[in-house]
Amino acid sequence: MQDLPFTSADSWALWDVPAADLSTRSNQERQRLFGTAYQAEHFPKDLLNGNLEQRLRETHYVLVGINPNYVTREHLRERRFLNFHGRKGRLNYRLAAAVYGKPLWGTFMTDLSSITPPVSRRVRFTAQDVAAFEQHLDQLGIPATSTLIALGPTAQHPLAHYAHRPVASLHHYAGVNGSWDADAAHQQIMAILQQGANTQSKLA
């Protein structure tokens, strides 16, 4: 693996894929199947193909959470890319099902902060925090044109105020978020992708 400055918060939007044919399944059914196939505290390294440096340079979207709060940072360091792949109760499989089969599948994902407070909603972000976050993306070689997709309002608000990269938002998949719905998430993602396509066509 290339010597890139990854942190304990960094990962990729890759999860174990159900064996069932997903092409004709509804969004709700796909989510259920990803839940069944989900393996706790496991990152599917076999799905992370190719040159990571090039993969980062070609990044169009970055999924951005708040902070890794289900295990210690030491545990994350021992098992690289484990963030967003923790215990099943965190419901990461909801996000997996939502991005599967779309350009977001396999994209880079990380958190605004690497700290691990007991309650994520108590984290408060400043302009300096967002600047440090974007500096990390710069160090990884992620383009300044990449869209940051904030997972929930706690990540979306500081990014919208302070980030230099384009910002979009997606409902957070956590169980405490009553706004999550598989169909609504699909529509949100499709709107984000359409907006990205429109932006690229204007730049062409």
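All residue numbers in this chain count up from 1 along the given sequence.
With sequence neighbours left out, the side-chain hydrogen bond (donor to acceptor under 3.5 Å, both in side chains) criterion links Y93 to no other residue. For W15, the side-chain hydrogen bond (donor to acceptor under 3.5 Å, both in side chains) criterion is met by H85, not counting sequence neighbours. Listed by chain and residue number, T147 satisfy the side chain to side chain contact (heavy atoms under 4.5 Å, CB included) test with P166 (two or more places apart in sequence, or in another chain).
Without hydrogens or angle criteria, K88 side chain to Y38 main chain gives no donor-acceptor distance under 3.5 Å. Judged purely by atom type and a 3.5 angstrom limit, D111 has no side-chain atom pairing as donor or acceptor with the backbone of S113.
Applying the salt bridge (Lys or Arg N to Asp or Glu O under 4.0 Å) definition to pairs two or more places apart or across chains, none involves residues 15-30. For the salt bridge (Lys or Arg N to Asp or Glu O under 4.0 Å) condition, no pair includes a residue of residues 168-185, sequence neighbours left out. The salt bridge (Lys or Arg N to Asp or Glu O under 4.0 Å) pairs that include a residue from residues 144-163 number zero, where partners must be two or more places apart or lie in different chains.
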Kindly list each side-chain donor-acceptor pair under 3.5 angstrom involving residues 98-108, sequence neighbours excluded, with atom names and distances?
from: K102; atom 1: NZ; to: A98; atom 2: O; distance (Å): 2.7
from: K102; atom 1: NZ; to: H186; atom 2: ND1; distance (Å): 3.4
from: T107; atom 1: OG1; to: Y61; atom 2: O; distance (Å): 2.4

Sequence neighbours excluded and cut-off under 3.5 Å, please list the side-chain donor-acceptor pairs for residues 133-142, or say none.
from: E134; atom 1: OE1; to: H164; atom 2: N; distance (Å): 2.7
from: E134; atom 1: OE2; to: R165; atom 2: N; distance (Å): 3.2
from: E134; atom 1: OE2; to: R165; atom 2: NH1; distance (Å): 2.9
from: H136; atom 1: NE2; to: D10; atom 2: OD1; distance (Å): 3.3
from: H136; atom 1: NE2; to: D10; atom 2: OD2; distance (Å): 2.8
from: D138; atom 1: OD1; to: R165; atom 2: NH2; distance (Å): 2.6

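Taken to the nearest 0.5 Å, the CD atom of Q31 stands 11.0 Å off from the OG1 atom of T36. Interatomic distance, CD1 of I66 versus OG1 of T154, reported as 4.0 Å (0.5 Å rounding). With rounding to the nearest 0.5 Å, the separation of CZ in R32 from CG in N27 is 13.0 Å. Separation of atoms CG (D129) and OH (Y162) is listed at 9.5 Å; rounding is to 0.5 Å. The distance from the CE atom of M109 to the OG1 atom of T59 is 12.5 Å, given to the nearest 0.5 Å. A distance of 11.0 Å separates CD of Q156 from CG of L112, quoted to the nearest 0.5 Å.
Between L48 and L52, the closest side-chain pair of non-hydrogen atoms falls below 4.5 Å. Residues V64 and L151 form no side-chain contact, since every pair of their non-hydrogen atoms from C-beta on lies 4.5 Å or further apart. Residues H171 and S179 form a side-chain contact, since some pair of their non-hydrogen atoms from C-beta on lies under 4.5 Å apart. Taking the side chain as every heavy atom from C-beta outward, N83 and T110 never approach each other to under 4.5 Å. Inter-residue side-chain proximity for I189 and L170 is flagged as met; some heavy-atom pair is nearer than 4.5 Å. Between W12 and F84, the closest side-chain pair of non-hydrogen atoms is not below 4.5 Å. Inter-residue side-chain proximity for R80 and F6 is flagged as met; some heavy-atom pair is nearer than 4.5 Å. For the pair L82/S11, no side-chain contact is recorded, criterion being any heavy-atom separation below 4.5 Å from C-beta on.
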Apply side chain to side chain donor-acceptor pair (under 3.5 Å) to the pair S26 and Q28, showing each step before the final yes or no.
CA-CA 5 Å; S26 69; Q28 295 287 351; over 6 Å; no
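The minimum heavy-atom distance between A155 and A150, with the atom names listed, is C-CB, 3.8 Å.
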